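Note sheet for the following structure.
What you are looking at is a predicted structure, and each value in this text was computed from that prediction instead of being measured. Residue numbering restarts at 1 for every chain, and letters A, B, ... go by the order of the sequence lines.
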There are 2 protein chains.
Amino acid sequence: MLSLASTTDPSWVQRVERRLDHLLLDHAHCEKKAASMAINLIFRYQTRPFLLRWLSELAREELEHFELMLTELDRRQIPFTVLDPSPYAGELMKHVRRGEPDRLVDTLLVCSLIEARSCERMKLLSEHLTDEDLRELYKGLLASEARHHRGYVHLTAELVGREAAVERLRELAEIEAAVIARAPRDQVRMHT
Amino acid sequence: MLSLASTTDPSWVQRVERRLDHLLLDHAHCEKKAASMAINLIFRYQTRPFLLRWLSELAREELEHFELMLTELDRRQIPFTVLDPSPYAGELMKHVRRGEPDRLVDTLLVCSLIEARSCERMKLLSEHLTDEDLRELYKGLLASEARHHRGYVHLTAELVGREAAVERLRELAEIEAAVIARAPRDQVRMHT
């Protein structure tokens, strides 16, 4: 359903739980970056009206989740600080083809895969974290991530048709699985 | 209350009403830019936590208004197209001092003045436009713009104290009045 080409082992939760502060902080930064990405796409593709409203609604929802994570950090007295991001998103973006509409297609599908991986990992967090409050928090976020994943794929299908969108999604999902498999294990992030 | 150093003549409404399509389109772009500005500030000043939540909430509200304007454009069959912005915001930003915290202070205050001028002009639109639906739309937006203006001033006061904030606001308001006075009259925009 999430189009991912690999599955995260549930032991990932035990690994990231050791630096829960970094995981939560990274998650807050991820929500901020997701909002910013949507707004960048609104600016870059303002002549494609079918994208604008959906991206604007998405950006609002990502910002709401950013605020939710700020509250969670506050509650746990974890200061909001700058954190080196994992190379994950940057590595994926390297595979975006040049020239339009390929560039837009690939950007939307990379975004859809980031949302899918976040969803998959949040599901694990919602099931296996020791902290009950956090399990509930992640349970509450799951559905949005899945919806964002589907939304990005749907936009791509409107652009190039369902079949072409799904075919490229499969190729990029293989790349995503390879990128996440070689993510640095010494960092605790949502996508390592 | 809005800290502006000049007042727009109500005849401005008759001038912009001749190219209502440009006014509405420019307004949509302004909301988008306001959201983007808030998100840029979140990224630039992420080590100043007191800014983050307010700017995130602001960005969400600007995006809601962007979507409202997209609906209004749709309803009037005005296509959402690229529009050369008026030089207004760019001219104001030239007066932002370098070095921190001056740069942040001036940026927040310039944003507060842009919100104030938008509020002043939307009030005129809500009173003098021929189109009743649009008068209502602008009446509905007024309060937010005034609140955004005050919010930006309040953030500045948290940073450097009330007195210093108000003093610099007065200086920048004089500059803003000069910039809007020489805005090109041949374009129809929210800030010309």
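- Proximity to chain B is limited to the side chain of Asp74(A), based on heavy atoms less than 4.5 angstrom apart.
- Residue Arg185(B) qualifies as enclosed at atom CZ: its count of foreign heavy atoms under 6.0 Å is above 12.
- A salt bridge is absent between Arg60(A) and Glu61(B): the closest approach of a Lys/Arg side-chain nitrogen to an acidic carboxylate oxygen does not fall below 4.0 angstrom.
- Under a hydrophobic-cluster definition in which Ile, Leu, Val, Met, Phe, Trp and Tyr are linked whenever side-chain heavy atoms come within less than 4.5 Å, directly or via other members, Phe50(B) and Leu73(A) are assigned to the same cluster.
- The number of heavy atoms from other shown groups lying within 6.0 Å of NE2 (His154(B)) does not exceed 12.
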Evaluate side-chain contact (heavy atoms from CB on, under 4.5 Å) for Glu67(A) paired with Leu52(B), printing each intermediate quantity in order.
-> CA-CA 8 Å; Glu67(A) 293 159 35; Leu52(B) 302 180; over 6 Å; no
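- At a 4.5 Å heavy-atom cutoff, the contact between Glu64(B) and chain A is made by backbone and side-chain atoms alike.
- Trp54(B) and Leu63(A) fall into different hydrophobic clusters, where Ile, Leu, Val, Met, Phe, Trp and Tyr side chains are chained together by heavy-atom contacts under 4.5 Å.
- In this structure the side chain of Thr47(A) never reaches within 4.5 angstrom of the side chain of Thr81(B), judged on heavy atoms.
- If you measure heavy-atom distances from Glu57(A) to chain B, the contacts under 4.5 Å come from both the backbone and the side chain.
- Counting heavy-atom neighbours within 6.0 Å of Arg162(B) CZ, excluding the residue itself, gives a total of 12 or less.
- Both the backbone and the side chain of Ser56(A) come within less than 4.5 Å of a heavy atom of chain B.
- The 12-atom threshold is not exceeded at CD of Glu167(A), counting heavy atoms of other residues, nucleotides or ligands nearer than 6.0 Å.
- At a 4.5 Å heavy-atom cutoff, the contact between Leu70(A) and chain B is made by backbone and side-chain atoms alike.
- Few gaps surround CZ on Arg147(A); more than 12 heavy atoms of other groups in view lie less than 6.0 Å from it.
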Assess whether side-chain contact (heavy atoms from CB on, under 4.5 Å) is satisfied between Lys32(B) and Ile39(A), documenting all intermediate values.
-> CA-CA 8 Å; Lys32(B) 175 170 66 71; Ile39(A) 292 191; 5.8 Å; no
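- Across Pro49(A), Ser36(A), Ala35(A), Ala59(A), the residue that shares the most heavy-atom pairs under 4.5 angstrom with chain B is Ser36(A).
- Contacts between Phe66(A) and chain B at a heavy-atom distance below 4.5 Å involve the side chain alone, from C-beta outward.
- Contact detail for Phe80(A) and Gln46(B): the closest heavy-atom pair is CD2-O, 3.4 Å.
- Hydrophobic cluster membership differs between Met93(B) and Phe43(B), with clusters built from Ile, Leu, Val, Met, Phe, Trp and Tyr side chains linked at under 4.5 angstrom.
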